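Data first, discussion second: the structure below is written as structure tokens.
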Amino acid sequence: AQSVTQLDSHVSVSEGTPVLLRCNYSSSYSPSLFWYVQHPNKGLQLLLKYTSAATLVKGINGFEAEFKKSETSFHLTKPSAHMSDAAEYFCVVSLDSNYQLIWGAGTKLIIKP
Amino acid sequence: DSGVTQTPKHLITATGQRVTLRCSPRSGDLSVYWYQQSLDQGLQFLIQYYNGEERAKGNILERFSAQQFPDLHSELNLSSLELGDSALYFCASSVVWGGGYEQFFGPGTRLTVL
């Protein structure tokens with residue numbers, strides 16, 4: 001069965017330091033994987049997606065994620081955090097059978113000044 | 001602005017009541033999804049429609065129902081409301097129903113059940 005696990009419910013970093021949000025998935029076949037972001041009191045927005053092309057995927061606002069099949073991971077990174085990055089981030093995997101999306105529980109990113 | 005609109009923005013009602021949430025997808029999108037986001041349950045997928053037909057069901061209660069109309073707008077009906085139904089309800093749309101396609105989210109309807 002397909003599933004997605006975000007390993008940290010909260011991540012706190014200082015402004016200007018690197019960001020790492022971890023996501024592991026379980027899928028029988030090559031999955032489609034997404035990261036969505038939700039800023040406070042806002043709707044969700046796609047950050048980036050992986051659909052079996054390049055394993056390193058670049059997204060908006062300087063974020064990128066690397067698909068590692070051997071580790072079944074799709075971690076989200078950014079070299080230097082900005083205050084505006086404070087938000088909740090969701091890792092999402094597409095189900096093989098009917099393309100339903102399975103959502104992770106979310107990781108709240110806190111940026112310290 | 002994602003192009004997905006949801007009305008109303010806020011809704012306050014009492015237990016036992018029935019409400020209808022409305023969603024208009026982006027122009028050209030055929031698929032509509034409904035999600036519930038609450039503090040204790042996180043983001044939960046409820047149901048998906050594609051071109052008027054139900055395609056997938058998630059954690060949707062029997063008290064809840066939805067439909068997609070010929071003009072592709074969708075409505076989510078919540079009945080016999082309970083305090084625990086208080087949540088943010090999001091609608092999203094995508095071009096087709098395939099998993100590799102981005103979903104565009106509306107701003108949400110905040111439902112408060114008193």
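Every value quoted in this text rests on a predicted model; they were computed, and no experiment measured them. Sequence lines set the chain letters: A, B, ... in the order given, protein chains first and strands last, and positions in each chain run from 1.
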Is it possible for you to say whether [X] and [Y] belong to one hydrophobic cluster, with membership spreading through side-chain heavy-atom contacts below 4.5 Å?
{"X": "B:Leu114", "Y": "B:Leu81", "value": "no"}
{"X": "B:Leu61", "Y": "B:Ile47", "value": "yes"}
{"X": "A:Leu109", "Y": "A:Leu7", "value": "no"}

Exercise. Against chain B, label A:Phe90 side chain, backbone, both or neither, depending on which of its atoms sit under 4.5 Å from a heavy atom there.
Key: side chain
Quiz item: Side chain, backbone, both or neither: which part of A:Gln38 has a non-hydrogen atom closer than 4.5 Å to chain B?
Solution: side chain
Self-check item: Min side-chain heavy-atom separation B:Gln103-A:Phe34 under 4.5 Å
Solution: no
Exercise. May I have all residue pairs that pass salt bridge (Lys or Arg N to Asp or Glu O under 4.0 Å) and include part of residues 13-23 of chain A, sequence neighbours excluded?
Key: A:Asp8-A:Arg22
Quiz item: Which bit of B:Gln37 is near chain A, if near means a heavy-atom gap under 4.5 Å: side chain, backbone, both or neither?
Solution: side chain
Quiz item: Where does B:Phe104 contact chain A at under 4.5 Å (heavy atoms): side chain, backbone, both or neither?
Solution: neither
Residues 56-74 of chain A side chain polar contacts: donor-acceptor under 3.5 Å, at least two apart:
| residue | atom | partner | partner atom | Å |
| --- | --- | --- | --- | --- |
| A:Lys58 | NZ | A:Glu64 | OE1 | 2.8 |

Quiz item: Nearest heavy-atom pair of A:Trp103 and B:Leu43: which atoms, and what distance?
Solution: CE3-CD2, 3.3 Å
